[in-house]
Amino acid sequence: MGRFHRHEDGTPGHDHDHEHEHEHEHEHGGYRTGPERVQVLESIFAENDARAAHNRNTFDSNGVRAVNLMSSPGSGKTTILAATLDELADEFAVGVIEGDIATDLDAAKLAGRGAQVSLLNTSNGFGGECHLDAPMVTRALQDLDLGALDLVIIENVGNLVCPAEFDVGEHAKVMVYSVTEGEDKPLKYPVMFRSVEVVLLNKIDLVPYLDVDVARYEAHVREVNPTAQIMAVSARTGEGMAAWYSWLRAFRSADAPRSQRTHT
C-alpha cells in the first residue's frame, strides 16, 4: 500500500518505489494502461480511504481534532512544530505522530515539550515510503492515549508530492513552505498547495538576505489555491507565529472549517 498515486485529473498513476525523501518527477511513457489496472489502483485508494474514515471516526469519538502537517525536507516543519508545542503546552493536550523514513532525530527534538509522541519510521515494515498513508497512521495511533488528548498533529514525511495524495484521517491539511525553496513551487507542485487550508510561509527572517519577493510567493499560492490562508512566519524568531497559534486554537474549538476531502 502507498506506492500508487493519482494524477491531477483524478486518474490513477503508476506504482513506484522511493528510497529517500525527494521531490520526484515521473516518466509516464512505456507503461500499460487499461480497465484492469485502473480497477486495481482504485481498489487500493478505496482501501486507504476506508481506513482514513476509520481514523477520523476514532479521532471524533475521542473528541480529538487532527492536523496533517506537510512540507518538503528542510522547510522548518519540525522547528515550527516544536515552537507550537511550547506555546500550547499549558492550554491543551497535544499528541504528535512523527513520520520519517528513518531515524528518531525529529522525534527527539519534540521530546520534553509536554506532548505524547508516536514515532513512525516508514522504513520499518512499510518499504521506506515517502509519505504516510491511513494504515500507517492507524498503527501509530496505538501509541497515543487519545482519550487524554485534544489535538493530534501528524508530521508527514518531507515531500512535496506524495503526502498530499493520501487521506490519513485528518480534519485539515496544513503545509510549511520556506522562502528558500523558490517562489515557483506552488506552480510546479500544485497538488500539494491545492490540498491545504493553511500555508505557513516560513523563514521570512531570511528575506533581507535573499533575492525574493514575498508578494510573488503569495500570488503564486493564490493562483493554485485562492482560499488558503497564507501566514508569513519565522519559526526561528517567532515572527508571525501568533496567527498560526490563533488558527490552531480556533481549529481545536471546531471553528476552523473541516477538510472537504477530495482526491487529486
Side-chain angles (χ1 to χ4, degrees), residues 52-53 55-71 75-99 110 113-118 132 137 141 144-156 163-164 167-178 186 192-205 214 217-218 221-222 224-262:
N55 292 345
R56 192 172 292 109
N57 288 337
T58 299
F59 288 130
D60 290 344
S61 64
N62 284 278
V64 173
R65 298 279 276 166
V67 174
N68 187 357
L69 187 63
M70 305 177 293
S71 77
S75 67
K77 182 166 77 279
T78 303
T79 304
I80 283 180
L81 182 50
T84 300
L85 296 181
D86 291 343
E87 172 71 17
L88 301 178
D90 295 332
E91 297 182 42
F92 41 82
V94 182
V96 174
I97 295 175
E98 179 56 48
L110 303 178
R113 299 178 184 274
Q116 296 183 36
V117 180
S118 176
L132 302 183
V137 170
L141 289 177
L144 296 179
D145 180 6
L146 287 178
L149 297 178
D150 301 305
L151 174 71
V152 168
I153 301 177
I154 302 161
E155 183 175 2
N156 219 306
D167 183 4
V168 297
E170 74 280 351
H171 297 106
K173 288 182 169 69
V174 174
M175 74 168 295
V176 180
Y177 173 38
S178 169
M192 171 67 77
F193 286 85
R194 190 179 296 130
S195 71
V196 299
E197 283 87 346
V198 176
V199 176
L200 299 175
L201 181 58
N202 192 28
K203 304 187 183 182
I204 59 170
D205 54 300
V214 172
Y217 277 75
E218 295 182 352
V221 173
R222 291 276 175 244
V224 175
N225 187 340
T227 63
Q229 296 187 52
I230 304 172
M231 303 176 188
V233 304
S234 169
R236 187 177 69 86
T237 68
E239 182 179 357
M241 291 290 283
W244 163 238
Y245 302 146
S246 294
W247 185 90
L248 270 179
R249 291 181 178 105
F251 173 78
R252 171 62 191 97
S253 300
D255 293 331
R258 293 173 69 93
S259 175
Q260 298 297 314
R261 171 63 182 165
T262 57

Pairwise distance CG(Asn225) to CD(Glu197) - rounded to 0.5 angstrom: 8.5 Å

Hey, does Arg56 have a side-chain heavy atom less than 4.5 Å from the side chain of Asp167? yes

Does the side chain of Val176 reach to within under 4.5 Å of the side chain of Val233, using non-hydrogen atoms? no

Using a 3.5 Å cut-off and no angle test, enumerate the donor-acceptor pairs between side-chain atoms of residues 237-244 and protein atoms at least two apart in sequence or in another chain.
| residue | atom | partner | partner atom | Å |
| --- | --- | --- | --- | --- |
| Thr237 | OG1 | Ser234 | OG | 3.0 |
| Thr237 | OG1 | Glu239 | N | 3.3 |
| Trp244 | NE1 | Thr84 | OG1 | 2.9 |

Set of residues satisfying side chain to side chain donor-acceptor pair (under 3.5 Å) with respect to Ser61, sequence neighbours excluded: none

Beyond-backbone contact of Val67 with Val198, side-chain heavy atoms, under 4.5 angstrom: no

Donor-acceptor pair, side chain of Arg113 and main chain of Ala83, under 3.5 angstrom: no

With a 4.5 Å heavy-atom cut-off, do Tyr177 and Ile230 have their side chains touching? no

Interatomic spacing from CG in Asp150 to CZ in Arg252 - rounded to 0.5 Å: 4.5 Å

CD1/Ile204 to OH/Tyr217 distance, rounded to the nearest 0.5 angstrom? 12.0 Å

Scanning both residues in full, the closest heavy-atom pair of Ala66 with Phe59 reads CB-CE1, 3.6 Å

Just to verify, what does Thr58 make a side chain to side chain donor-acceptor pair (under 3.5 Å) with, not counting sequence neighbours? none

Quick one: salt bridge (charged side-chain N to carboxylate O under 4.0 Å, His left out) partners of Asp145, sequence neighbours excluded? none

Determine whether Asp60 and His171 make a side-chain contact, defined as any pair of heavy atoms from C-beta on separated by less than 4.5 Å. yes

In chain order, what residues pass the side chain to side chain donor-acceptor pair (under 3.5 Å) check against Asn68, with sequence neighbours excluded? Asn156

Show your working on side-chain contact (heavy atoms from CB on, under 4.5 Å) between Asn62 and Leu149 and close with a plain yes or no. CA-CA 8 Å; Asn62 284 278; Leu149 297 178; over 6 Å; no

First locate atom CD1 of Ile97, then atom CG of Leu141, and finally report the distance between them rounded to the nearest 0.5 Å. 4.5 Å

I need the minimum non-hydrogen distance between Val168 and Leu132, along with the two atoms involved. CG1-O, 3.6 Å

Roughly how far apart are Ile80 CD1 and Arg236 CZ, rounded to 0.5 Å? 13.0 Å

Evaluation steps, side-chain contact (heavy atoms from CB on, under 4.5 Å), between Asn202 and Ser75: CA-CA 7 Å; Asn202 192 28; Ser75 67; 5.8 Å; no

For residues Met192 and Pro163, report the shortest heavy-atom separation together with the two atoms involved. CE-CB, 4.3 Å

Between Trp247 and Met231, which heavy-atom pair has the shortest distance, and what is it? CB-CE, 3.7 Å

Considering all heavy atoms, the nearest Gly169-Asn55 contact: CA-CB, 4.1 Å

Would you indicate whether the side-chain heavy atoms of Val214 and Glu218 approach each other to under 4.5 Å? yes

Considering all heavy atoms of both residues, which atom of Ser195 and which atom of Met70 are nearest to each other, and what is their separation? OG-CE, 3.9 Å

Would you give the length of the straight line joining atom CD of Glu87 to atom CZ of Arg249, rounded to the nearest 0.5 angstrom? 5.0 Å

Check whether any side-chain heavy atom of Val174 sits under 4.5 Å from a side-chain heavy atom of Ile153, and report yes or no. no

My understanding is that only residues two or more places apart in sequence, or in another chain, count here; which of them pass salt bridge (charged side-chain N to carboxylate O under 4.0 Å, His left out) with Glu155? Lys77

Look at the side chain of Asn57 and the backbone N and O of Ala53, then say whether any donor-acceptor pair between them is shorter than 3.5 Å. yes

